[in-house]
There are 2 protein chains.
Amino acid sequence: MKRSISIQTLQRLPIYLNFLKELSQNKRMNISAKCIADNLRLGEIQVRKDLAAVSSGGKPKVGYVTEDLIKDIEINLGHNNLHDAVLVGAGKLGKALLSYDGFKGYGLNIVAAFDVCGDVLGSNDSGKQILAIDKMKDLCERMKVRIGIITVPADSAQKVCDMLVESGILAIWNFAPTHLSAPENILIKSENMASSLALLSMHLIKNIDSKKGEMDNEE
Amino acid sequence: MKRSISIQTLQRLPIYLNFLKELSQNKRMNISAKCIADNLRLGEIQVRKDLAAVSSGGKPKVGYVTEDLIKDIEINLGHNNLHDAVLVGAGKLGKALLSYDGFKGYGLNIVAAFDVCGDVLGSNDSGKQILAIDKMKDLCERMKVRIGIITVPADSAQKVCDMLVESGILAIWNFAPTHLSAPENILIKSENMASSLALLSMHLIKNIDSKKGEMDNEE
DNA sequence: GGTATATCGATATGCATTTATCGATATACC
DNA sequence: GGTATATCGATAAATGCATATCGATATACC
């Protein structure tokens with residue numbers, strides 16, 4: 001039963017988790033689905049359904065027990081067992097991600113970074129090692145690393161992707177602004193900044209347009 | 001008619017655009033929907049439908065004219081008119097984004113950054129100014145900036161969000177791992193790393209689990 | 001010029017996700 | 001203790017999106 005958490009629900013779980021942790025700090029013992037929905041600007045029913053997929057249930061009139069809910073979500077997100085990851089491409093974005101110490105809270109542990117460029121090799125100010133790329137496969141296999149993060153320029157992203165697959169990586173987090181091809185069983189999640197910008201841009205265009213033709217009832 | 005581009009389609013447009021630009025460099029004049037689909041691992045029909053939403057159409061037997069398609073997509077993405085943006089939070093991620101010079105290609109122009117911390121003020125190695133946050137409102141109003149990028153820690157993100165709204169910002173790109181509340185007419189696009197990680201994590205858990213119980217036909 | 005074929009566009013089907021409706025139940029208050 | 005109410009959970013309808021099917025059409029080749 002618990003197997004079937006939809007992708008959409010899965011992606012909302014971290015948002016609930018974040019909100020619930022805030023509540024927890026403020027010593028709120030109970031929380032209703034409606035309250036969560038109002039605060040997060042989501043539908044009340046949607047929240048209830050999402051929570052139903054992971055939790056053992058709430059009580060009428062009082063809602064859910066905050067702490068229990070947090071635990072349930074964390075279990076379902078796999079935050080209890082940390083996944084090791086390697087990062088390829090120690091440019092600006094790569095270094096920024098390396099230095100970000102919040103990933104552990106999400107179950108991700110970057111063990112090392114790789115790059116071709118000799119200049120950046122060595123220890124980063126994050127304390128993480130930046131190694132030559134030819135050492136990647138060996139390290140991944142030894143440490144059984146299963147997650148790869150790509151922060152190289154677009155034109156070398158596919159090559160890096162292939163290397164990661166070669167190294168036994170099962171899931172790839174891609175920040176390069178390009179599409180990647182990999183075998184079926186490899187999950188590729190692209191953080192497509194361009195797609196996000198498309199959304200913002202579209203919103204602005206619509207908004208500015210509707211302001212120009214201030215008809216009020218444009219449709 | 002062209003009004004109704006679905007969100008999903010909109011988010012795929014930059015991917016097509018990227019691919020088409022590569023083709024264009026290789027002097028390919030024409031391209032079929034099937035070819036795009038195969039290269040990008042998408043459905044042929046999906047591609048055709050997406051393209052139908054933005055383009056004036058292709059010809060049987062030859063497909064679409066590459067250059068025309070690029071233009072059509074760029075128009076629909078608003079890449080022709082650059083949107084100005086401000087960035088708040090000149091930490092590691094903020095600086096990384098400031099230094100990334102690829103945004104202009106997506107129609108985004110970061111005009112300045114803001115931070116509370118005195119240390120980082122001044123000119124960045126990106127050439128962009130990092131200013132004190134109290135100057136934000138004035139600058140946004142003067143330059144009619146409509147996009148705000150939030151790269152501050154989670155606990156100050158909402159405060160920054162409010163300030164941006166105050167400054168006349170219409171669309172917010174949020175990198176803080178928290179949910180933000182703003183008036184209805186403000187678009188908030190959160191780059192939720194935790195959500196992405198949830199996806200990766202889930203994939204690994206499923207994969208490793210199915211390997212443990214190597215039943216082959218687990219369902 | 002006629003026929004074959006690749007490719008397009010439109011309509012229809014199916015699936016996933018969201019939203020709505022309704023009855024059930026635990027707490028609160030009289 | 002009985003009734004009112006907030007809230008939950010389940011079932012049903014609606015929506016949005018992806019996939020399938022089919023006829024139309026422009027090019028290529030005979």
Side-chain angles (χ1 to χ4, degrees), chain A residues 1-16 19-20 23 28-66 68-69 72-73 76 179 184 192 195 198-199 202, chain B residues 1-13 15-16 19-20 23 28-66 68-69 72-73 76 184 192 195 198-199 202 206 219:
Chain A
M1 203 77 347
K2 286 214 175 176
R3 287 281 166 100
S4 57
I5 299 178
S6 85
I7 292 176
Q8 307 298 324
T9 296
L10 186 62
Q11 301 210 112
R12 278 189 296 269
L13 289 180
I15 300 173
Y16 298 135
F19 176 67
L20 290 168
L23 285 183
R28 284 230 9 206
M29 304 299 288
N30 296 293
I31 183 75
S32 75
K34 182 170 186 344
C35 181
I36 295 176
D38 288 350
N39 275 281
L40 264 42
R41 309 247 170 148
L42 296 170
E44 178 185 344
I45 300 127
Q46 187 175 63
V47 172
R48 214 172 352 247
K49 266 198 126 183
D50 285 343
L51 296 185
V54 298
S55 95
S56 45
K59 280 186 199 169
K61 197 80 177 181
V62 288
Y64 302 82
V65 180
T66 315
D68 291 357
L69 216 43
D72 287 337
I73 294 176
N76 276 276
H179 182 268
E184 283 272 327
N192 203 326
S195 294
L199 224 61
M202 181 60 58
Chain B
M1 203 69 354
K2 286 215 175 174
R3 287 284 166 100
S4 57
I5 299 178
S6 85
I7 292 176
Q8 306 298 323
T9 296
L10 187 62
Q11 301 210 113
R12 277 190 296 270
L13 289 180
I15 300 173
Y16 298 133
F19 177 67
L20 290 169
L23 284 184
R28 283 224 18 198
M29 304 299 288
N30 296 293
I31 183 74
S32 74
K34 184 173 186 339
C35 181
I36 295 177
D38 288 350
N39 276 281
L40 263 40
R41 307 244 172 152
L42 296 169
E44 179 186 345
I45 298 128
Q46 186 174 64
V47 172
R48 205 170 292 137
K49 265 197 127 185
D50 287 343
L51 297 185
V54 298
S55 95
S56 46
K59 279 186 198 169
K61 196 82 177 184
V62 287
Y64 302 82
V65 179
T66 315
D68 291 356
L69 215 43
D72 287 337
I73 294 176
N76 275 276
E184 282 273 328
N192 203 327
S195 294
L199 222 62
M202 181 60 58
K206 268 198 297 190
E219 215 264 317

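Below, each value reflects all heavy atoms present in this structure, side chains not excepted, and no hydrogens, waters or symmetry copies. Numbers restart at 1 for each chain; the letters A, B, ... are given by sequence-line order, proteins then strands. None of these values were measured; they are calculated from a predicted model.
When side chains are defined from C-beta on, B/T9 counts as touching B/R12, because their heavy atoms get closer than 4.5 Å. Looking at A/Y16 and A/L42, their side chains come closer than 4.5 Å, going by heavy atoms from C-beta outward. The shortest side-chain heavy-atom distance between B/I36 and B/L51 falls under the 4.5 Å cut-off. Side-chain contact between A/F19 and A/L23 is present, with at least one heavy-atom pair separated by less than 4.5 Å. Using a 4.5 Å cut-off on side-chain heavy atoms (C-beta onward), B/L10 and B/N76 make no contact. Residues A/S56 and A/D68 are not in side-chain contact: their nearest non-hydrogen atoms beyond the backbone lie 4.5 Å or more apart. Within the 4.5 Å cutoff, the side chain of B/K49 has no heavy atoms near those of the B/S6 side chain.
A/Q8 has its CD atom 11 Å from the P atom of C/dT19, to the nearest Å. As rounded to whole Å, 17 Å separates atom P of C/dA16 from atom CD of A/Q46. For the pair A/R12 CZ and C/dA16 C1', the interatomic distance rounds to 12 Å; values are reported in whole Å. Counting to the nearest Å, the P atom of C/dT18 and the CD atom of A/E44 are 16 Å from each other. Atom-to-atom, NZ of A/K49 to C1' of C/dT21 comes out at 13 Å; the value is rounded to the nearest Å.
With a cutoff of under 4.0 Å to any heavy atom of chain B, the contacted region of DNA chain D is bounded 5' to 3' by D/dC17 to D/dT27.
Of the two residues near DNA chain C, B/I45 and A/S6, the one whose nearest nucleotide lies more 5' is B/I45.
No side-chain donor-acceptor contact under 3.5 Å links B/S32 to the backbone of B/G63.
Heavy atoms of B/G43 sit nowhere under 4.0 angstrom from any nucleic acid atom. At the heavy-atom level, B/G58 lies under 4.0 Å from the strands shown only through sugar-phosphate atoms.
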_Output the pairing pattern of DNA chain C as a dot-bracket string, 5' first, Watson-Crick or G-U wobble with both distances under 3.5 Å, | for cross-strand pairs, [ ] for crossing pairs._
||||||||||||||||||||||||||||||
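Contact between A/R28 and A/N30 at its shortest, heavy atoms only, is NH2-O, 3.2 Å.
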